[in-house]
Amino acid sequence: MIELISKSKCISCGLCVSVCPTGVFDQANGKVPVIARKDDCQTCFMCEVYCPVDAMYVAPNVDEVTVNEEELVQSGVLGSYRKEIGWGKGQSPSAASDASYKMFQLMSKLPGH
Amino acid sequence: MSKHLGLQQKNEREVETDVLVIGGGPSGTWAAIHAASKGARVILVDKGYCGTSGATAPSGTGVWYVNPTPEEQEKAMKSREALGGYLQDRKWMKNVLNRTFSNVNQLDSWGYPFPLDENGHKHLKSLQGPDYMRLMRKQVKKAGVKIWDHSPALELLADEHGVGGAAGISNETGERWKVQAGAVVIASGGCAFLSRALGTNVLTGDGYLLAAEAGANLSGMEFSNAYAIAPAFSSVTKTAFYTWASFYYQDGSIIEGAGSQRGRSVIAKTLQTQPVYARLDKADEEMQKWMRKAQPNFFVPFDRLSINPFTDRFPVTLRLEGTVRGTGGIHLINENCETKVPGLYAAGDAATREFICGGFTGGGSHNAAWAMSSGSWAGEAAGEYALNLGSKASKRNVKGISTTPIAANWSRSSKKGTVLHEITESVLAEVTPTEINLFRSEKTLQSSLQRLDLIWEEIRLGLLANEPNVVRVRESAAMTATARWMYSSAIERRETRGMHKRLDYKDQDPSFHYRILTGGLDEIWVKPDKPLHQEEGVRR
C-alpha cells in the first residue's frame with residue numbers, strides 16, 4: 001500500500017496523480033500531491049515506477065503499515081523497483097533481458113507441462 | 001422500480017465520434033489503434049489510466065506466440081484442449097494464433113525491446129507489463145485516438161437500431177460526459193471482485209453490466225472461479241512461479257498433494273482452517289536467476305521484507321481472480337467480435353475466452369493473445385460499421401439505458417457510505433470464499449444466489465440511490481450482477497469441466513458438451529448454446 005510521498009524529493013509534477021489507476025492521490029495547484037484515498041490503493045506499484053524522482057514508496061503489504069522516511073532513504077529502497085525494471089535515469093528497460101523464455105524452456109520439461 | 005437516473009439530467013461534455021472504446025488495457029488499446037486504422041474517429045475512455053490500468057500493466061505476461069507452421073500450431077492448439085473440457089473452437093484458435101503472431105511482430109517493429117539470447121535469437125513469447133502498456137499508450141496517441149483517462153463509463157446509450165455511445169463521469173473534475181458513437185467496443189476487462197490480486201481492483205465487471213443492459217448475452221460465466229497464489233501479505237499474484245514451491249503447515253511439515261496447478265484445491269482446502277506456507281525450494285540456482293529476470297515484480301514484496309522466497313517459508317493466500325483468469329464473458333456472435341446487439345463489440349477479458357481456452361484458465365499467454373487478437377478484430381469491425389452509418393449516425397436519438405438508480409450529484413469523497421460498503425461486502429462474501437465458489441454444489445450455490453438476488457433487488461429499488469460516489473455504486477451493481485450470472489450458470493452445469501468443479505457431480509459428462517449462455521438483469525436466464533461436435537468432446 002502507498003505509504004510515502006517524500007516532500008523533500010517530490011517535484012510536484014503530478015504524474016502519480018495521473019497514472020494511479022484507482023485515483024488515490026489529490027493535488028492542489030502546484031503542491032506536493034497527497035494520499036487522499038489510501039483505501040483505494042491496490043498495491044500495483046505503478047506510481048512508484050512512473051515517479052521520475054523516486055519520491056514514492058509503496059509498501060509490499062496490502063494493508064497499512066508504518067514507515068519511516070529516513071530509514072527508507074538509508075536502505076536505498078526508494079526507486080529500487082524502478083531501477084530493477086530499467087526505468088531509472090540513464091537506464092534502458094530491463095525488458096530487453098527478460099528471461100521468461102529460459103523459464104518456459106525449463107518448465108516445458110517438467111511433468112504435466 | 002424507481003427510475004431516477006442522475007446521468008440523464010445534465011451532461012457537461014457532449015461529443016460525437018465514430019468509435020468509442022471503453023477500457024484502455026491491452027484489448028482496448030489494440031481496438032482503438034485498429035479502429036483508427038480504418039479511418040474512424042476514435043475516443044478511448046478508461047476508468048483509471050490507459051497504460052497502468054488493469055491486470056497486465058503492473059505484471060508481466062507470456063504470450064501465445066507460435067510460429068505459423070501447421071505442425072507448431074497444431075501442437076499449440078492441442079496442448080490445452082483436454083484441460084479446457086473441449087469447449088474450444090479450432091477456427092478461432094487458428095485465427096488467434098495467426099493474429100497474435102502478426103501483432104507481436106508489430107510490437108517488435110514499434111520498438112518493444114524483446115530479449116535476444118546468447119545466439120542473437122529474438123524471443124517474442126513474453127511481455128513486461130509496464131513497458132508493453134506504456135508503448136501501447138504511445139501508439140494509441142500516435143494513431144490519433146483521443147484518450148480520456150479517469151473517465152468511467154456509467155451507462156450505454158442506445159436507440160431502436162442498437163448501441164450508439166455511452167455516458168459517464170470524469171473522476172478528476174466530476175464533469176459528466178456523453179459520447180455519441182456509431183459503435184462501441186467494450187474492453188473493460190473481467191471481474192476479480194476487489195480481491196487485490198495484482199492490478200485487478202479496477203476490474204469489477206462493469207462491461208458485463210453495460211452489455212447486459214443493452215441486451216447482449218454472456219457465455220461461460222461458470223468458468224469464473226480462478227484463484228491465484230500470492231504471499232498472504234501481498235498483492236503480487238504469480239501462480240506459475242509456485243510450480244517450484246513446496247507447501248507447508250505452520251509446524252513446517254509438508255502438505256502432501258499441494259501444488260500450483262492440480263494441487264491448488266489442496267491449498268484451498270487447507271486454507272479454510274489454517275495458514276499455508278510456501279517456499280520455492282525446487283528452483284535451482286540457475287532457475288532462481290531466470291525468475292528474477294523474467295518477473296522483477298514478483299520479488300518486490302520479498303525484497304522489501306527481507307524474505308528469501310527460495311530459502312524462507314512465507315505465508316500464502318489465494319486471491320480470487322474471477323473471470324480475469326477465468327474464461328467467461330460477453331458472448332460474441334462472430335469473428336468480428338460482435339455481440340448480438342448492433343453496434344456493440346467486446347474484446348479481451350470482457351469477452352468470453354472459451355473459443356480458445358474452453359473452461360480452463362486463460363491466464364497468462366492465452367489471455368494476452370486473445371486480448372491483442374480480439375481487440376484488433378473488434379476495432380476494425382467497429383470502425384467499418386461506424387463509417388458505414390455515414391450521415392445517419394448523427395441523426396440518431398440515443399438515450400441512456402442504465403438500470404441502476406444513482407444520485408444526481410457526484411462526489412469522490414474518500415468516505416464510502418455505510419450502505420454502499422455493506423452491500424459491496426455482502427457481495428464479496430458470496431464470491432470470495434472457496435467454500436462456495438471453488439468447491440461448488442447445488443445447495444450452496446442456490447442459497448448464495450438467493451442472497452445475491454435480494455441484493456440486486458435492493459439496488460434496483462434504489463438502496464444506493466443516495467450514495468454520492470456513483471462510480472462505486474455502478475461497480476457494486478456490476479459485481480452483484482456478475483455473481484448472479486456466475487452462479488446461475490454454475491448451477492446449470494451439473495458436471496465438472498475445466499475449472500468448474502462440482503462436489504455433487506464430480507465427473508465430466510458428455511451430455512454437457514456445450515457452452516452455457518446467460519443474461520438478463522432482474523430475471524436471469526440460462527440456456528445451453530448449440531451442442532459441440534468434435535469427437536474429442538467425449539472423454540472415455
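Side-chain atoms are counted along with the backbone in the values below, which use heavy atoms only and exclude waters and symmetry mates. Just so we're on the same page: letters track the sequence lines, and every chain starts at 1.
If you tally non-hydrogen atom pairs under 4.5 Å between each of Ala283(B), Pro301(B), Pro231(B), Ser235(B) and chain A, the highest count goes to Ser235(B). With respect to chain A, the highest number of heavy-atom pairs below 4.5 Å among Ala197(B), Gly48(B), Gly199(B) belongs to Gly199(B). Comparing Arg80(B), Lys125(B), His150(B), Lys47(B) by how many heavy-atom pairs each has under 4.5 Å with chain A, the most go to His150(B). The residue among Gly129(B), Ala294(B), Gly51(B) with the most heavy atom pairs within less than 4.5 Å of chain A is Ala294(B). Ranking Phe114(B), Trp244(B), Phe302(B), Phe299(B) against chain A, the residue ahead of the rest is Trp244(B), based on heavy-atom pairs under 4.5 Å. Across Glu286(B), Lys289(B), Arg134(B), the residue that shares the most heavy-atom pairs under 4.5 angstrom with chain A is Arg134(B).
With a 4.5 Å cut-off on non-hydrogen atoms, Met46(A) touches chain B through its side chain but not through its backbone. The contact between Gln105(A) and chain B is made entirely by side chain atoms (from C-beta outward), counting heavy-atom distances below 4.5 Å.
Looking at heavy atoms from C-beta onward, Val17(A) lies out of side-chain contact with Tyr49(B) at the 4.5 angstrom threshold. For the pair Leu318(B)/Arg264(B), a side-chain contact is recorded, criterion being any heavy-atom separation below 4.5 Å from C-beta on.
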May I have the step-by-step check of ring-ring contact (aromatic ring centres under 6.0 Å, His included) for Tyr50(A) and Trp87(A), ending in yes or no? CA-CA 8 Å; Tyr50(A) 271 87; Trp87(A) 280 26; 5.1 Å; yes
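Looking only at atom types and distance, the side chain of Gln295(B) has a donor-acceptor partner in the side chain of Asn297(B) under 3.5 Å away.
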